[in-house]
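All values derive from a computational prediction rather than experimental measurement.
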Protein chains: 2
Amino acid sequence: MSVGRETRLSAWIERFAAHFAEEGIPLIGGRILGYLLVCQPVERTAAELSQELEASSGSISTNLKYLVNVGLVTKRTRRGRQAAEYRINEKAWSGFVQRKLDAIASVQVLTEDGMRLLSGDPERAMRLRTVDHLYGWLSAELPALWERRPASPK
Amino acid sequence: MSVGRETRLSAWIERFAAHFAEEGIPLIGGRILGYLLVCQPVERTAAELSQELEASSGSISTNLKYLVNVGLVTKRTRRGRQAAEYRINEKAWSGFVQRKLDAIASVQVLTEDGMRLLSGDPERAMRLRTVDHLYGWLSAELPALWERRPASPK
DNA sequence: CGATGATTTCAGTGTCGACCGAAGGGGATC
DNA sequence: GATCCCCTTCGGTCGACACTGAAATCATCG
């Protein structure tokens, strides 16, 4: 007897959430993301998410607030409906990734400052220089790479 | 009365450690990295680090073990010296950064699996497809970018 | 082989953050 | 304006992890 598609999707959502948990996103936040990426229909209320993901209403609320804040989820309210509907904002994902790349390259600000502090002593600055050059290169190339990013498929 | 260079370097080390603390590296580990990048002479014993950074011997030991493990610090023992000497391995920094980039691109494995699970339903796969394309592009371009990385300065 | 000096191990402490669930507040409908 | 949901807020619990300091371990030298 085969495992149903929904069951396999649940397992996939869990893997998805686990990955982002390692990057500091709360487990429940990751589950919401994974779920909203594949659910049908695309919009869900907080109460539905709470039930589907077996998480407390408080956790759902907190995490939705966070996800809406970073732009990955969109909140929609409708007249005549007390329940707000949430959906994934997949277009915002590139901004999300871009922030990660920026975070890596931003170390260059630090290494640059360090080089300045050691400017009178080239010998002593050698170790930092190696690191600074690496980040300097990244700071130049990553934004350039990002420019060449193709538009998302229609 | 001006602030001495060493004082400013201490402040810089603290900023350096704070940055990597946000990325999950323990504060003391970050301090060790920053300190070993700029100290003179370049090699230090665990006891010296403990004193300079005002951290317990246990913390220093744990963090050095971790940093040696990921390759950012090199341990050297010498005959006739009971104290091992540690120094920064600035050449390993590129591997450190590369692992970060790989971690970002590795999401493509997840999105790809998800696409497979939704293969029978293109409509439903649309949201994931947008995300998958982004990571697919990254998975292709980041390694290519890395190839063009220049050697560190002599 | 014992003494010495250094490092590693380990149990204990404190902090921080995710999560829960009950209480409170805000709309919408009647 | 009363009722009914739904969402958010908030106190409390739990587990994870960084850090400490003392004890155990290890290496060197006399």
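Following rounding to the nearest Å, Ile28(A) (CD1) and dA18(C) (P) show an atom-to-atom distance of 10 Å. When the C1' atom of dC7(D) is taken as reference, atom CD of Glu85(A) falls 14 Å away, rounded to whole Å. Between Tyr86(B) atom OH and dA6(C) atom P there is a gap of 13 Å when expressed in whole angstrom units.
Considering Arg78(B), Arg44(B), Lys75(B) as possible partners of Glu85(B), the one that fulfils the side chain to side chain donor-acceptor pair (under 3.5 Å) test is Arg78(B). Among Glu54(A), Glu52(A), Glu14(A), the one residue that satisfies the side chain to side chain donor-acceptor pair (under 3.5 Å) test with Arg31(A) is Glu14(A).
Atom CG of Leu36(B) sits about 5.5 Å away from atom CG of Leu49(B), to the nearest 0.5 Å.
Contact check on Arg116(A) versus Asp113(A) returns a salt bridge, with a Lys/Arg side-chain nitrogen under 4.0 Å from an Asp/Glu carboxylate oxygen.
Hydrophobic clustering, with ILVMFWY side chains joined whenever heavy atoms are under 4.5 angstrom apart, keeps Leu27(B) apart from Val38(B).
Applying the side-chain contact (heavy atoms from CB on, under 4.5 Å) rule to Thr7(B) yields the partners Val3(B); only residues at least two apart in sequence or on another chain are considered.
Using a 4.0 Å cutoff on non-hydrogen atoms, the parts of residues 38-67 of chain B near DNA chain C are Thr45(B), Ala46(B), Ala47(B), Ser57(B), Gly58(B), Ser61(B), Lys65(B), ordered by number.
The shortest distance between the side-chain N/O atoms of Lys75(B) and the OP1/OP2 oxygens of dA6(C) is not below 4.0 Å.
If you find the closest nucleotide of DNA chain C to Arg31(A) and to Arg78(A), the one lying nearer the 5' end belongs to Arg31(A).
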